[in-house]
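Structure first, commentary second.
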Protein chains: 2
Amino acid sequence: MPRNREFDIEQALDQALNAFWLKGYAATSMTDLMAAMGLSKSSFYQCFGSKREALLAALSRYSVRELAETRLHFNSAEPVAPLLAAWVRHSIDSGACRPSQRCGCLIVNVAVELAPHDGEIEEAVRHHLDKLAAFLADTIQRGYADGSIPKRFEPAQSADMLLNLIAGLQVLAKGGVEAHRLAAIVDVQLDCLLGQTH
Amino acid sequence: MPRNREFDIEQALDQALNAFWLKGYAATSMTDLMAAMGLSKSSFYQCFGSKREALLAALSRYSVRELAETRLHFNSAEPVAPLLAAWVRHSIDSGACRPSQRCGCLIVNVAVELAPHDGEIEEAVRHHLDKLAAFLADTIQRGYADGSIPKRFEPAQSADMLLNLIAGLQVLAKGGVEAHRLAAIVDVQLDCLLGQTH
DNA sequence: CTTGTACTGGACCGACCGGTCCGATATAGT
DNA sequence: ACTATATCGGACCGGTCGGTCCAGTACAAG
């Protein structure tokens with residue numbers, strides 16, 4: 001009868017996710033990971049296979065979590081426009097994997113660092129981006145139907161524009177651009193999309 | 001009388017810049033750098049001081065170059081709007097440090113990888129972003145004056161929106177998003193800013 | 001008790017990391 | 001020729017990298 005595992009896989013993976021999110025992949029050493037996860041190397045490799053595979057698992061986990069939270073946010077009988085505005089504004093705050101740390105968005109971080117050089121990572125990134133875009137497009141279509149969003153662009157175009165907006169904001173935030181400028185960018189973009197500022 | 005230096009500093013720095021641009025800072029080893037620059041370690045350290053200092057020098061060089069090219073692009077008697085549209089569209093193509101490689105934008109890459117953890121790098125990033133934003137704001141003001149851009153937003157707001165647009169595009173491109181979607185994002189955004197699509 | 005099994009700890013591995021050191025070298029002046 | 005000087009080459013450094021290995025351990029079943 002085998003010895004029982006002493007740690008919880010999902011919890012350990014969350015810790016790994018946070019470590020990668022904070023420092024990036026290359027700059028996070030195995031020592032960093034072991035410290036974050038509270039595991040020995042043997043337990044880590046036994047369970048996750050390799051550093052890269054741990055990252056892939058973390059990406060998947062992050063994606064599932066983000067998409068679920070997004071769906072929950074829009075799961076309301078309220079008109080879509082204010083929900084959308086709140087969601088975009090919230091995205092500026094969500095790049096904090098730790099208090100007072102600017103971690104950005106794990107997908108964005110990994111897209112920049114690894115996607116051009118690793119096909120499987122790129123697929124994971126694409127998978128997330130495409131699913132989010134599809135959900136946003138449906139949501140915008142809903143906004144057209146409920147009349148809260150003026151039909152100015154194809155839903156897919158607006159969705160991609162939102163993706164781009166969020167990605168850009170994460171970069172500028174990590175680069176140290178002031179919060180009031182980020183908020184102003186959001187105002188301008190919401191004006192374009194929804195036809196009013198607040 | 002001292003021995004003469006056998007390499008050109010600017011040229012070596014360009015090669016270093018390309019190496020960092022392609023692989024990122026942490027993932028570019030000293031061996032990679034020496035191969036790219038064609039130098040021995042002694043020559044490198046004698047001249048540049050450290051890996052990090054070489055990156056700072058490369059960032060500065062990239063920034064000067066990008067800002068100069070941008071100024072040149074807008075140094076025209078033509079109305080601003082079409083110049084702006086062409087400049088934004090060109091930005092999608094300029095993320096290729098090498099043929100067939102998606103390198104994105106060095107400033108964006110470094111903002112994501114290093115800025116939150118290194119104050120001096122963050123300053124360099126901020127310096128570039130702020131200078132570019134200031135130039136774009138002046139340019140947009142010029143567009144208001146020549147009548148080619150409708151006065152919908154404060155020039156600084158529009159400039160920041162453009163910064164955000166470019167940053168987001170670089171991320172999505174590195175993440176593998178198709179070119180036609182990127183082009184459509186540009187169309188939508190130019191419509192918002194200039195009041196027409198092409 | 002023994003057995004079989006998965007898990008754990010920690011020593012170990014070859015390779016690599018950024019950087020140091022110093023003799024050899026190129027160069028012009030005397 | 002010698003001298004002074006900055007540059008170059010490459011051996012070397014201590015530490016770190018991701019990953020391997022195997023004895024020890026925990027556990028339930030027989």
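Order of the sequence lines sets the chain letters (A, B, ...), proteins ahead of strands, with each chain counted from 1.
- Phosphate proximity of C:dT8 to A:Ser43: present, with a side-chain N or O under 4.0 Å from OP1 or OP2.
- The distance from the CZ atom of A:Arg89 to the CG atom of A:Asp187 is 5.0 Å, given to the nearest 0.5 Å.
- With distances taken from any side-chain atom of B:Ser50 to the nucleotides C:dT8, C:dG19, C:dC7, the minimum falls on C:dG19.
- Nucleotide C:dC16 holds its C1' atom 16 Å from the CE atom of A:Met30, rounded to whole Å.
- Between A:Leu33 atom CG and D:dG19 atom C1' there is a gap of 13 Å when expressed in whole angstrom units.
- Atom CG of A:Leu39 and atom P of C:dC7 are 12 Å apart (whole Å).
- The side chain of B:Arg5 lies closest to D:dC8, out of C:dC7, C:dT8, D:dC8.
- The side chain of A:Ser29 places an N or O atom within less than 4.0 Å of a non-bridging phosphate oxygen (OP1 or OP2) of D:dC17.
- B:Asn109 places a side-chain N or O within 3.5 Å of a backbone atom of B:Cys103 that can act as its donor or acceptor partner.
- Of the side-chain N and O atoms in B:Thr31, none sit less than 4.0 angstrom from OP1 or OP2 of C:dC16.
- With hydrogens and angles ignored, the 3.5 Å screen pairs a side-chain donor or acceptor of A:Asp32 with a backbone N or O of A:Ser29.
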Can you give one letter per nucleotide of nucleotides 20-30 of chain D, going 5' to 3': B for a protein heavy atom under 4.0 Å from the base, S for sugar-phosphate only, - for none?
-> BB--BBBBB--
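- Between the side chain of B:Arg142 and the backbone N or O of B:Phe74, at least one donor-acceptor pair lies under 3.5 Å.
- Within the 4.0 angstrom heavy-atom criterion, no nucleotide atom of any strand lies near B:Phe48.
- Put simply, NZ on B:Lys51 is 12 Å from C1' on C:dG19, counting in whole angstrom units.
- As a whole-Å value, the separation of B:Met34 CE from D:dG9 C1' is 13 Å.
- B:Arg52 has its side chain within reach of B:Glu120: a pair of non-hydrogen atoms, C-beta onward, lies under 4.5 Å apart.
- Judged by distance alone, the side chain of B:Ser63 and the main-chain N or O of B:Leu59 form no donor-acceptor pair under 3.5 Å.
- At least one donor-acceptor pair closer than 3.5 Å links the side chain of A:Glu113 to the backbone N or O of A:Tyr25.
- Distance, B:Arg52 CZ to C:dC17 C1': 18 Å, rounded to whole Å.
- Taking atom CZ on B:Phe44 and atom P on D:dT7, their separation rounds to 15 Å, with Å as the unit.
- If you take CD of A:Glu53 and C1' of D:dG18, they are 13 Å apart, rounded to a whole angstrom.
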